[in-house]
Amino acid sequence: MTTHAPGTTAPTTAAPVVLPGTPVVPGVAWGPVVRPSGTVLLPADDGAVVAEEERAGEKERFAAAAGVVADRLTERAAAATGVSAEVLATTAGLARDRGLLSSVEQRIDAGTPAAVATVQAAQQFVDLFTSLGGLMAERVTDVRDVRDRIVAQLTGQGEPGVPSPAQPSVLLADDLAPADTAGLDPRRITGLATRLGGTTSHTAIIARQLGLPCVVAVGGLADVPEGATVLLDGERGTVTVDPDPEEARARLQASQAAAAALAGYRGPGRTRDGLEVKVLANVQDGAGARAAAAAHAEGVGLLRTELAFLSRAEEPSVEEQARGYAEVFEAFPGQRVVVRTLDAGSDKPLAFATMPDEDNPALGVRGLRVARRDPGLLERQLDAIAEAARRTGASPWVMAPMVATVGEAADFGARVRARGLTPGVMIEVPSAALMAERLLRHVDFLSIGTNDLSQYTLAADRLSADLADLTDPWQPALLALVQLTAEAGRRTGRSVGVCGEAAADPLLACVLVGLGVTSLSCAASSIAGVGARLAVVDTDACRRAAEAALLTDDPHEARAAARRELGVDG
């Protein structure tokens, strides 16, 4: 939990206005409002035609501008870790996308100026991704972000992005490009609220990694003027405009006291009555693993391996992959490290893989299904994991994403065991939860990915602000599937963890333990909050909270019921 004090606040007599939203990252921020800066003026198509002899030069101008944008984002990705690095690398890849380049060049060949051609080509992709729906909606924001950056470079405008205010401030936005969120400086931007987005959007996930108090799906933000004072509460899910200074100060101090208490957390994770619950970290590279170890994670519950594959024209070699995995294993000697095999497809396209042209990529070839078309990709990745294990003496657990059937689990389990590794699968679709006990005949553990499981269970795009209540991880239907999966683990004596963003919510973590989950994996910034909350509750209280939440009809009731059973105020 992170807390921040404002710089200075102007006295006001206006009555406080409370704007409700969906809580994402707990913590309190109090300060003046700032908004995204550097809005790019997009050129209109005024009918101007580029002379034929100048078109080659115009294409070179576009290629140079796109290259500058891609290089900047790549540099930022190299300096970042975790999801931030992945998002920046993915956006850099979009700036180099061959489809975008080809579409722009075709328009320039027809006489359209480079800047106008960029806008038109980007709109083509926006329309395409919008029509596809699902996870592809997130690509719309990325496309517009890359469009604006390239146009700014072509026209000499300043690079768009978020401000860097002189005093700690609260950022309010209609929406943010994930690349902008990844570049936030938590010392200057102390809280974040958006009108759009859900609890599992990239913006929310990055805010959680940064430990930045965050609320999404907040109505009425457009009416809050820049410079107004707001109090953002990331646990209650509210933005209060012109708050009473004394009340704001009291809530800020209480939040600071709670944050200070977390500084003493050293692990291991266990309830007050001694039930052991491993508190693990979600990481993507060696740097992230070392940061998680410093934050007292007990291991890695989710090693996302996409970072080595994104923005690459060619598949990384087995040796290159092995070096990256070994860095993570070395950060946690003798401790659990769970590696997720490549989760590509849908909103994570691969330039070098044989991917189909799909009408609905969110329900198409993604995760383990990529191996149906390119089995060598999975085989080489498993070889790299085994080689990294041999070099470091580690015993990693390896799990597959997007497993839907017993047959898929059996095949994956056999491939992993053949290399002397421990196999598992992710529970991300309802069919896997319903068949959990049968899956455990072929693999040794399960890990619940609540981000996708909520989306597929409620049939709701996790990026839609209009549907944020449906993809809320407190949905009783989602909790029922978690319980079903955990009971399968209990009956078979196998580990069942949660590695989705639900595990980062300290209150929900208690409920998950009450449902029978044996490990929780979250961003490094959330480890202390989760571990400290577990340390002050009894197992019976967790079970009562879980039972109470399951009996409710909506997320708000579920939260309130859990708070009552756990004795949490607010």
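Side-chain atoms are counted along with the backbone in the values below, which use heavy atoms only and exclude waters and symmetry mates. Worth saying up front: this structure is predicted, and the values here are computed from it rather than measured.
For Glu75 and Arg72, the salt-bridge test fails: no basic side-chain N is under 4.0 Å from an acidic carboxylate O. The existence of a salt bridge linking Glu298 and Arg336 is excluded, since no basic side-chain nitrogen approaches an acidic carboxylate oxygen closer than 4.0 Å. Ionic pairing of Arg251 and Asp233 is present here: one or more N-O contacts between side-chain nitrogen and carboxylate oxygen are shorter than 4.0 angstrom. At a threshold of 4.0 Å, the pair Glu226-Arg35 does not count as salt-bridged, since none of the basic side-chain nitrogens sits closer than that to a carboxylate oxygen.
For residues 503-516, the side chain to side chain donor-acceptor pair (under 3.5 Å) pairs, not counting sequence neighbours, are Trp474-Asp505.
To the nearest 0.5 Å, atoms CG (Leu192) and CG (Leu232) are separated by 8.0 Å.
Here the closest non-hydrogen pair linking Leu470 and Leu458 is O-CG, 3.2 Å.
By the salt bridge (Lys or Arg N to Asp or Glu O under 4.0 Å) test, Asp472 pairs with Arg559, sequence neighbours left out. Contacts of Arg543 classified as side chain to side chain donor-acceptor pair (under 3.5 Å), with partners at least two apart in sequence or in another chain: none. Residues satisfying the salt bridge (Lys or Arg N to Asp or Glu O under 4.0 Å) test with Arg272, not counting sequence neighbours, are Asp538. Judged as a ring pair (Phe, Tyr, Trp, His ring centres under 6.0 Å), and not counting sequence neighbours, Phe125 has no contacts. Partners of Asp180 according to the salt bridge (Lys or Arg N to Asp or Glu O under 4.0 Å) rule, which considers only residues two or more places apart in sequence or in another chain, are Arg149.
At least one donor-acceptor pair under 3.5 Å links the side chain of Arg188 to the backbone N or O of Pro165. At least one donor-acceptor pair closer than 3.5 Å links the side chain of Ser169 to the backbone N or O of Gln167.
Residues Thr552 and Pro476 are in side-chain contact: their nearest non-hydrogen atoms beyond the backbone lie under 4.5 Å apart.
Inspection of the Thr539 and Thr271 side chains reveals an N or O donor paired with an N or O acceptor under 3.5 Å.
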